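Below is one structure, written out as structure tokens, with a few remarks after it.
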Number of protein chains: 2
Amino acid sequence: MLDDLDRKLLDILVKDSRASLKELAQQVGLSSPSVSERLRRLEERGVIRAFTVEIDPEALGYPLQAIVRIRPLPGKLHIVQQLIEEIPEFGECDKVTGDDCFVARLYVRSMSELDKLLDRIADKAETSTAIIKAQPIRRRPPPMGNA
Amino acid sequence: MLDDLDRKLLDILVKDSRASLKELAQQVGLSSPSVSERLRRLEERGVIRAFTVEIDPEALGYPLQAIVRIRPLPGKLHIVQQLIEEIPEFGECDKVTGDDCFVARLYVRSMSELDKLLDRIADKAETSTAIIKAQPIRRRPPPMGNA
DNA sequence: ATGAAATGCTGGACGATCTGGACAGAAAGC
DNA sequence: GCTTTCTGTCCAGATCGTCCAGCATTTCAT
């Protein structure tokens with residue numbers, strides 16, 4: 001599916017998605033049109049979901065983050081899921097097995113905002129909230145083999 | 001701190017970090033040298049943490065993900081944290097308030113690999129694992145105002 | 001107020017980079 | 001063994017990024 005060169009390109013792009021085709025090309029030992037073509041195909045196949053930028057939430061005014069576990073009350077699952085999706089402060093949400101139906105990340109400006117946001121789902125689900133104190137590992141991709 | 005143009009640039013870059021300076025420039029109504037300078041400063045100030053690429057984990061051979069809550073045994077906190085950081089299959093880890101000391105995301109190839117990886121910390125911490133069934137919201141930044 | 005300095009922008013020139021097309025070689029299918 | 005397909009290279013025209021000089025606006029000390 002992916003060959004070594006693809007993995008190597010991905011590895012470089014994870015660290016710098018603005019790397020020029022020329023630079024990518026010399027790193028992997030191809031010409032730039034070839035690299036261009038590979039990138040096009042990686043994107044087309046969905047291997048590359050997006051070229052994006054990682055932003056410090058604090059710079060946008062969100063100094064606090066919380067992990068919220070959410071157990072919708074009987075019959076409320078879909079309403080709760082929709083509500084979560086509509087609240088832009090949710091920065092991530094996974095639907096999981098087990099008692100907790102959803103595990104989500106919430107960006108907030110303050111404790112009172114956290115309280116206010118959780119109130120919006122309080123009548124439709126039970127929640128358990130944990131404030132994030134530190135981030136030992138920030139989002140990174142799974143191992144890419146020998147890259 | 002950030003003005004409207006900065007937010008607009010970030011908004012565009014979140015969706016396409018390979019956008020050319022020229023394109024960014026016309027979207028925000030500046031010249032390309034100005035945009036170049038703004039990007040340089042956003043990066044320098046740490047607002048932009050990284051230009052990166054979002055990869056489909058499945059394409060790298062990791063079709064399963066789990067959320068693992070980790071409660072190190074007394075005195076084992078640092079060892080556990082170090083262990084987590086060293087295991088590349090952990091794709092994210094937050095240190096939180098409450099009983100669960102860490103909440104982490106684990107990429108795995110199979111259930112048996114999940115079991116094998118959790119065994120590596122089993123003698124140093126209690127864990128609760130939830131398999132991810134769906135991702136209603138994939139990683140996204142907090143609201144950027146009127147962008 | 002006023003002048004100096006700093007900031008942030010523009011436009012143009014030049015060099016670097018990208019794109020698209022013509023073509024070549026290896027692998028796969030008939 | 002020949003054709004088709006896939007992946008790559010090379011080249012030239014088009015596009016893009018960077019550097020620099022100059023200008024407007026703001027800030028601040030006088």
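All values derive from a computational prediction rather than experimental measurement. Chain identifiers are assigned alphabetically (A, B, ...) following the order of the sequence lines, protein sequences preceding nucleic acid strands; residue numbering begins at 1 within each chain.
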Check ion pair R40(B)-E37(B) (N to O, under 4.0 angstrom): yes
Each nucleotide of nucleotides 7-14 of chain C classed B (base within 4.0 Å of a protein heavy atom), S (only sugar-phosphate) or -, in 5' to 3' order, makes --SBB---
Validation row: I67(B), T129(B) side chains within 4.5 angstrom (heavy atoms):
no
K15(A) meets the salt bridge (Lys or Arg N to Asp or Glu O under 4.0 Å) criterion, sequence neighbours left out, with D11(A)
Taken in chain and number order and not counting sequence neighbours, the residues that satisfy side chain to side chain contact (heavy atoms under 4.5 Å, CB included) with R49(B) are E54(A), D56(A), P57(A), R138(A)
Here the distance between atom P of dC18(C) and atom CD of E23(B), to the nearest Å, is 15 Å
First and last nt of DNA chain D near chain A, cut-off under 4.0 Å to heavy atoms, 5' to 3', are dT7(D) to dC10(D)
To the nearest angstrom, the CG-C1' distance between L24(A) and dC18(C) comes to 13 Å
Sequence neighbours excluded, the answer for side chain to side chain contact (heavy atoms under 4.5 Å, CB included) partners of L5(B) is D3(B), V28(B), L30(B), R38(B)
Rounded to the nearest 0.5 angstrom, the CG-CG distance for L83(B) and L117(B) is 10.0 Å
| query | Using a distance-only test with no angle check, is there a side-chain donor-acceptor pair under 3.5 angstrom linking S17(B) and S17(A)? | reply | yes
Salt bridge (charged side-chain N to carboxylate O under 4.0 Å, His left out) pairs touching residues 120-134 of chain A, sequence neighbours excluded, are R71(A)-E126(A)
Margin query: Please evaluate residues L42(A) and I55(B) with respect to the criterion side chain to side chain contact (heavy atoms under 4.5 Å, CB included), reporting the C-alpha separation (whole Å), side-chain torsions for both, the decisive distance (0.1 Å), and the verdict.
Written below: CA-CA 10 Å; L42(A) 286 170; I55(B) 301 174; over 6 Å; no
Under a 4.0 Å heavy-atom cutoff, the residues of residues 12-20 of chain A touching DNA chain D are none
Pairs under 3.5 angstrom, nitrogen or oxygen only, protein versus nucleotides 22-29 of chain C, please.
none

field: Polar contact flag, side-chain donor to acceptor under 3.5 angstrom, Q81(A)-E85(A)
entry: yes
Sorted by chain and residue number, the side chain to side chain contact (heavy atoms under 4.5 Å, CB included) partners of D115(A) (sequence neighbours excluded) come out as D119(A)
Applied to residues 102-112 of chain A, the salt bridge (charged side-chain N to carboxylate O under 4.0 Å, His left out) test, sequence neighbours excluded, yields E92(A)-R105(A), R105(A)-E92(B), R105(A)-D94(B), R109(A)-E113(A)
For E86(A), the salt bridge (Lys or Arg N to Asp or Glu O under 4.0 Å) test, sequence neighbours excluded, returns none
Scanning both residues in full, the closest heavy-atom pair of P136(B) with C93(A) reads CD-O, 3.1 Å
For F90(B) and I137(A) the tightest heavy-atom approach is CB-CD1, 3.9 Å
Bend of the helix from dA1(C)-dT30(D) to dC30(C)-dG1(D) from end-axis comparison, five pairs per end, nearest 10°, comes to 40°
